[in-house]
Amino acid sequence: MNFCKIITLHPIFNEPAIVLSQRLKIEIVKEFEPTKGTLYIVYGAHEKAVELLNIQNNHQHSFGYIIMNSEQPSSKQLKIKYYIELMKNNIVFDYHTESSNYLKETFGIITKSYHWFDFIEYDIDCEACIDILFVGSHSKEREEVYLQLQFQHPDKKIEFVFDNSLIQPLELTKKLKQAKVLLNIPYHHDKILESHRINKGLSCGCKVVSMKSGDAITDALYDDYIYF
C-alpha cells in the first residue's frame, strides 16, 4: 500500500495511528509534503481543516484524504464550515453509526466505512494507587460527579484530571496504570459511547465504569468488558 500514508494532527490520536500503521504496513508522515496519487489517512483533521483544504486546492486535488472523523453531532467542530467542506471533498470514515447518520442527514456526507480506536500495550509496572480516575475536558456534570464521589467516599483516592497535562500517550498510560477504576462520563449526549476513553482504559488494565450511550447495539458490544 505504498500509495497510502497516515497523518495525525493531535497527540491523542497517535496511538491509534501507530497501530493502524503497523497493521497495514504503511508510513506515518511527520513532514507533510503531498505526493500526487497518494491517499492520506488523517486523524484529527478538524484541528487543521483550513490548512488541509488549502494544500489540497494548491495541488489541484492531485492527492486525497481519508478523514477519520471522531467528532460527535454536538461538537463545535461540526459547526466549522472548513471541516465540513473538507469532509465533503474527501472520503470519510466514522467511529459510530449515530454520527455517521448525522453527517449524512445534515450535510449530505456519506461515510464510506468505520474506524476503531486501538491502543498500544505498554510494559509499564505501576502500583494501582488511585481508586477512581477520570480524564477528560471539564464540564459541569463531570465536576458534580467528582464532588459527589468525594462526599460519598472520603476514604477513597479519587482523581479527576480536567487539564491537558496527560495529552501525551505515555503520560496518560502511566496515570491509567495507577487506576483501579476509570470512569467514562460523556461530554456530549448524542447517544454515542465514548469508546476512545474506554478502549484506552481497557488497554491499561482498568476496570471501566460507564454511563450507557443510548445506542443499544454499541452498548451490547461492550457488555462483557465494562460496567454500565
Measure the CG-CD distance between Asp131 and Gln178 for me, rounded to the nearest 0.5 Å.
12.0 Å
Between Phe93, Tyr40, Tyr43, Tyr83, which is the residue that forms a side chain to side chain contact (heavy atoms under 4.5 Å, CB included) with Ile67?
Tyr83
Tell me whether Lys191 is salt-bridged to Asp215, with the criterion being a basic N under 4.0 Å from an acidic carboxylate O.
no
Asn69 side-chain N/O to Asp94 backbone N/O, donor-acceptor pair under 3.5 Å
no
With rounding to the nearest 0.5 angstrom, report the NZ to CG distance, Lys200 to Leu182.
11.0 Å
Kindly say whether Ile167 contributes a backbone atom to a donor-acceptor pair with the side chain of His10 at under 3.5 angstrom?
no
Do Glu141 and His189 have side-chain N/O donor and acceptor atoms under 3.5 Å apart?
yes
Distance, nearest 0.5 Å, that separates CG of Asn184 from OG of Ser210
4.0 Å
Salt bridge or not between Lys76 and Glu71? Use side-chain N to carboxylate O under 4.0 Å.
no
With a sphere of 6.0 Å drawn around OH of Tyr82, does it hold more than 12 non-hydrogen atoms of other residues, nucleotides or ligands?
no
Please determine whether a side-chain nitrogen of the Lys or Arg among Glu194 and Lys212 lies less than 4.0 Å from a carboxylate oxygen of the Asp or Glu.
no
Looking at Asp125 and Lys177, is any side-chain nitrogen of the basic one under 4.0 Å from a carboxylate oxygen of the acidic one?
no
